[in-house]
Number of protein chains: 2
Amino acid sequence: MNWKSEISAARDRIAGYAQVTPVMESNIPGYPVELKLEHIQHTGSFKARGAFNTLLSSDVPAAGVVAASGGNHGAAAAYAAQTLGYPAKIFVPELAGPSKIALIRQTGADLSVVSGEYANALTAAQEHEATTGAMQIHAYDAPATVAGQGTCFAEWDVQGLQADTVLVAVGGGGLIAGALAWFGGARKVVAVEPETSCALNAALRAGEPVDVSVSGIAANALGARRIGEICFELAQGMSSVLVSDDAIAAAQLALWRAHRILVEPAGATALAALTSGAYRPEPGERVAVLVCGANIAPDPFAG
Amino acid sequence: MNWKSEISAARDRIAGYAQVTPVMESNIPGYPVELKLEHIQHTGSFKARGAFNTLLSSDVPAAGVVAASGGNHGAAAAYAAQTLGYPAKIFVPELAGPSKIALIRQTGADLSVVSGEYANALTAAQEHEATTGAMQIHAYDAPATVAGQGTCFAEWDVQGLQADTVLVAVGGGGLIAGALAWFGGARKVVAVEPETSCALNAALRAGEPVDVSVSGIAANALGARRIGEICFELAQGMSSVLVSDDAIAAAQLALWRAHRILVEPAGATALAALTSGAYRPEPGERVAVLVCGANIAPDPFAG
């Protein structure tokens with residue numbers, strides 16, 4: 001696949017539907033780091049990019065679309081479907097939590113909350129797809145999803161990204177696959193995962209995608225049981241680091257204290273690699289962090 | 001005073017101390033509006049610009065600095081003093097609220113909470129200045145403060161501001177004085193005040209600064225009893241609109257829902273003029289809104 005061309009096409013396709021998100025320089029780790037505030041994206045995460053790209057590049061059947069999600073992808077798929085006038089059926093696990101569930105309900109999508117984790121929601125979504133003929137929008141392991149997420153990095157290049165190294169949080173791997181696909185070796189990409197939900201790190205160690213158990217404070221965004229095949233293929237030989245839940249919480253607090261940027265734990269996970277020292281830049285190495293999700297629970301305006 | 005030159009000098013002076021804040025385009029009012037996310041500034045408001053400019057352009061006495069504030073200016077003055085190694089004494093009224101009081105305490109400043117409103121804190125600060133010889137950093141009615149706040153708009157021009165019209169919230173008038181001083185008629189500036197704290201609007205109607213009563217949800221940021229003389233002089237003939245507390249709260253919620261931007265009521269006041277229709281752009285008129293403050297209470301990480 002010619003990823004550069006796929007991502008460029010996706011960028012043209014979703015222009016006017018996805019939000020162009022701002023960039024800034026921060027000094028949170030004690031040295032300069034470029035941030036892209038992708039949590040400002042519609043529905044509070046980068047997921048809107050992949051959802052719009054999928055719907056705008058497909059013939060959507062009368063049965064509409066279906067998605068399984070830890071929460072953010074479901075909200076994005078529901079929002080994109082609503083914007084484009086398609087019916088949407090969304091499956092999330094209970095651990096999606098009240099903020100994400102409320103967000104999906106606001107779009108008017110038909111929402112089912114299933115017990116267990118993300119993988120259980122995916123099974124339910126696949127059954128719905130088989131029964132109804134609805135089109136599945138995969139949360140991370142589909143080319144249109146990956147190309148959509150890759151637009152985030154294409155956009156950042158246009159905005160003047162300087163960094164040698166870009167740190168990206170990983171769940172199922174759609175976002176970091178987009179980064180690897182776009183940069184194609186022109187910049188180093190570092191994968192950051194919670195110790196308690198590390199499907200990519202485990203796959204790189206095992207030499208193949210393997211099932212992992214998922215838990216911890218970022219599980220409702222990064223809690224994929226197995227890394228996507230597309231990501232795994234692109235990720236060969238890449239740098240992968242793990243961070244603790246405490247390190248994630250500290251980075252989340254630092255973003256609020258320093259910049260009044262309020263994000264969910266997943267949104268602070270990539271930064272946590274710098275603030276905790278899990279990733280230490282070489283002298284002169286310029287670093288950047290994608291801030292990827294803001295759907296904190298409880299929602300500050302809930303209730 | 002040659003304001004353009006004062007503001008350009010201030011911009012050079014505070015470079016590396018003040019945060020360069022990001023800009024973006026939003027569609028919240030149903031049409032495009034440029035936003036500058038100045039609430040991302042150190043201590044959560046634009047006030048850090050004026051505080052750094054004042055300290056960096058002055059011979060600070062051994063007694064250090066003193067400031068009176070509804071909260072945000074006090075936090076900024078305390079932060080700037082801490083950064084530059086000066087002792088700071090800050091007076092705030094009780095209505096500053098727990099978030100702003102905690103923020104000032106974190107800097108290590110000597111804080112006194114006085115009863116009443118901002119004007120009472122100012123009286124106490126003036127007594128402290130007279131007794132100790134500490135240098136007063138006025139919250140809004142001093143040339144170095146106004147020039148510092150003006151850097152916000154000089155920076156926005158460099159970042160590619162397109163708008164014909166820039167909407168700015170007004171309390172004592174330091175920020176909007178900086179806007180008027182920088183743009184000097186090159187762009188239209190619109191003053192937005194809460195109906196319940198409208199010192200500039202009242203002054204423009206009366207033809208001179210007059211005392212107003214202050215209340216409402218933005219009073220701990222915009223609750224100046226009387227508009228500053230510098231602002232009043234620059235504001236002759238300008239557009240001034242008022243918004244209700246309900247309109248401010250709706251704009252605050254819209255910023256969170258659309259962009260996960262969490263701000264205090266004052267930070268959403270300028271946007272409220274658009275979302276409420278208090279200011280209606282002419283066909284083809286491009287508008288911009290400065291998002292000025294984020295110190296919401298309760299702090300989402302308090303307790």
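Keep in mind that this is a model prediction, so the values were computed, not measured. So that the names make sense, note that chain A is the first sequence line, chain B the second, and so on, each numbered from 1.
Contact of Leu35(B) with chain A is not made at all, since no heavy-atom distance falls under 4.5 Å. Of the two parts of Gln106(A), only the side chain, counted from C-beta on, holds a non-hydrogen atom closer than 4.5 Å to a non-hydrogen atom of chain B.
Atom CD1 of residue Ile261(A) and atom CD1 of residue Ile261(B) lie 9.5 Å apart, to the nearest 0.5 angstrom. Distance check, rounded to the nearest 0.5 Å: CZ of Arg257(B) to CG of Leu103(A) gives 8.5 Å. Distance check: Phe301(B) CZ to Leu255(A) CG gives 8.5 Å after rounding to the nearest 0.5 Å. Taken to the nearest 0.5 Å, the NE2 atom of His259(A) stands 7.5 Å off from the NE2 atom of His42(B).
Looking only at heavy-atom pairs under 4.5 Å with chain A, the residue among Asn295(B), Ile40(B), Leu253(B) that has the most is Ile40(B).
Inter-residue side-chain proximity for Gln19(B) and Asn27(A) is flagged as unmet; no heavy-atom pair is nearer than 4.5 Å.
Nearest heavy atoms, Pro22(A) versus Val23(B): CB-O, 3.4 Å. Shortest non-hydrogen contact noted between Ala294(A) and Trp256(B) is O-CH2, 4.0 Å.
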